[in-house]
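Within every chain, numbering begins at 1; the chains are lettered A, B, ... in the order of the sequence lines, protein sequences first and strands thereafter.
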Amino acid sequence: MNYWLIKSEPYVYSYDDLTHDKKTSWDGVRNYAARNYMREMKKGDQVFFYHSNEGKQIVGIATISKEAYPDPTAVDNKGWVSVEIKPLKKLKKFITLVDVRVEKILSEMELVKNSRLSVQKVSSKEWIKILKMAGE
DNA sequence: GCCAACGTTGGC
DNA sequence: GCCAACGTTGGC
């Protein structure tokens, strides 16, 4: 199983919105690195849900419920894809960007190194560490 | 194929 | 609201 992190601005689509909707199609991604990660996602993979701009923290975990399929919102043919995600659980304690920055093991995360990438890969070591920090 | 110009993201 | 970082576009 692989671990991932996706970012969303909470006033556009928050983790609570996902909880309310029960599932959502993660579409509209227009970045090749992000697209390639989305193509690698397998059903059952777990995903940290990060709120960018407002909050700047990991607030919950989602799971991949449908693997990559052509993004219905794409108007060109550059191979953009969507995945479907479902909420798994909200974290007991949210993990802020500052929390990630000060933790040595997490300092190599794309969240720190390439903050603009909206879909990121998380190593199992990083995943476990963040869960522990979140009291899970 | 290079690179300047431009647009977007996201932290501050 | 500002601006640095990054990705994309398009002229040459």
Side-chain angles (χ1 to χ4, degrees):
Chain A
M1 161 152 82
N2 281 313
Y3 299 107
W4 311 94
L5 181 147
I6 58 173
K7 300 199 295 194
S8 183
E9 297 167 52
Y11 42 87
V12 177
Y13 197 86
S14 69
Y15 189 79
D16 287 340
D17 291 331
L18 177 61
T19 303
H20 176 262
D21 293 346
K22 307 278 198 299
K23 64 178 182 183
T24 197
S25 166
W26 207 252
D27 54 32
V29 175
R30 296 292 180 272
N31 172 284
Y32 290 113
R35 182 199 69 183
N36 294 343
Y37 280 155
M38 288 171 77
R39 285 179 174 172
E40 283 182 50
M41 290 175 173
K42 295 289 176 205
K43 194 170 179 178
D45 279 0
Q46 298 191 9
V47 185
F48 280 137
F49 197 103
Y50 176 83
H51 283 171
S52 60
N53 282 303
E54 271 179 26
K56 280 166 282 192
Q57 54 196 355
I58 300 167
V59 297
I61 302 171
T63 53
I64 303 299
S65 50
K66 199 179 287 180
E67 295 176 13
Y69 53 94
D71 184 343
T73 70
V75 290
D76 54 27
N77 58 349
K78 293 179 178 172
W80 304 119
V81 297
S82 304
V83 294
E84 185 191 89
I85 60 169
K86 288 186 173 173
L88 185 65
K89 75 173 305 193
K90 198 167 177 171
L91 295 181
K92 288 198 189 85
K93 179 181 180 296
F94 298 163
I95 300 302
T96 69
L97 183 58
V98 175
D99 295 334
V100 171
R101 279 231 164 93
V102 299
E103 199 57 55
K104 198 160 186 193
I105 312 176
L106 306 178
S107 62
E108 293 299 309
M109 284 187 73
E110 286 172 310
L111 196 62
V112 177
K113 292 273 160 126
N114 184 7
S115 65
R116 290 191 47 201
L117 188 60
S118 62
V119 178
Q120 311 182 350
K121 197 165 194 167
V122 177
S123 74
S124 51
K125 198 175 75 177
E126 292 160 350
W127 183 271
I128 290 164
K129 177 68 184 173
I130 291 170
L131 281 189
K132 196 176 286 178
M133 289 164 67
E136 298 294 338

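Partners of A/Lys66 according to the salt bridge (charged side-chain N to carboxylate O under 4.0 Å, His left out) rule, which considers only residues two or more places apart in sequence or in another chain, are A/Glu84. Remark: A/Asp27 engages no residue in a salt bridge (charged side-chain N to carboxylate O under 4.0 Å, His left out) (not counting sequence neighbours).
Within the 4.0 angstrom heavy-atom criterion, only backbone atoms of the sugar-phosphate kind lie near A/Lys7; the bases stay farther away. Within 4.0 Å of A/Arg30, counting heavy atoms only, lies no atom of the nucleic acid at all.
Annotation for A/Asp16 and A/Lys90: closest pair OD1-NZ, 3.0 Å, computed over non-hydrogen atoms. Contact between A/Leu88 and A/Tyr15 at its shortest, heavy atoms only, is N-OH, 3.3 Å.
Among residue pairs with one or both ends in residues 39-49 of chain A, those qualifying as side chain to side chain donor-acceptor pair (under 3.5 Å) are A/Trp4-A/Asp45, A/Glu40-A/Lys121; sequence neighbours excluded. For residues 70-108 of chain A, every residue pair satisfying the ring pair (Phe, Tyr, Trp, His ring centres under 6.0 Å) rule, not counting sequence neighbours, is listed here: A/Tyr32-A/Trp80.
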Evaluate side chain to side chain donor-acceptor pair (under 3.5 Å) for A/Asp17 paired with A/Ser14, printing each intermediate quantity in order. CA-CA 5 Å; A/Asp17 291 331; A/Ser14 69; 3.3 Å; yes

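Bracketed by its first and final contacts, the part of DNA chain B lying under 4.0 Å from non-hydrogen atoms of chain A reaches from B/dG7 to B/dC12 in 5' to 3' order.
Summary for the helix from B/dG1-C/dC12 to B/dC12-C/dG1: the axes at its two ends, each from 5 pairs, differ by 10° when rounded to the nearest 10 degrees.
Atom CD of A/Gln120 sits about 8.5 Å away from atom OG of A/Ser115, to the nearest 0.5 Å.
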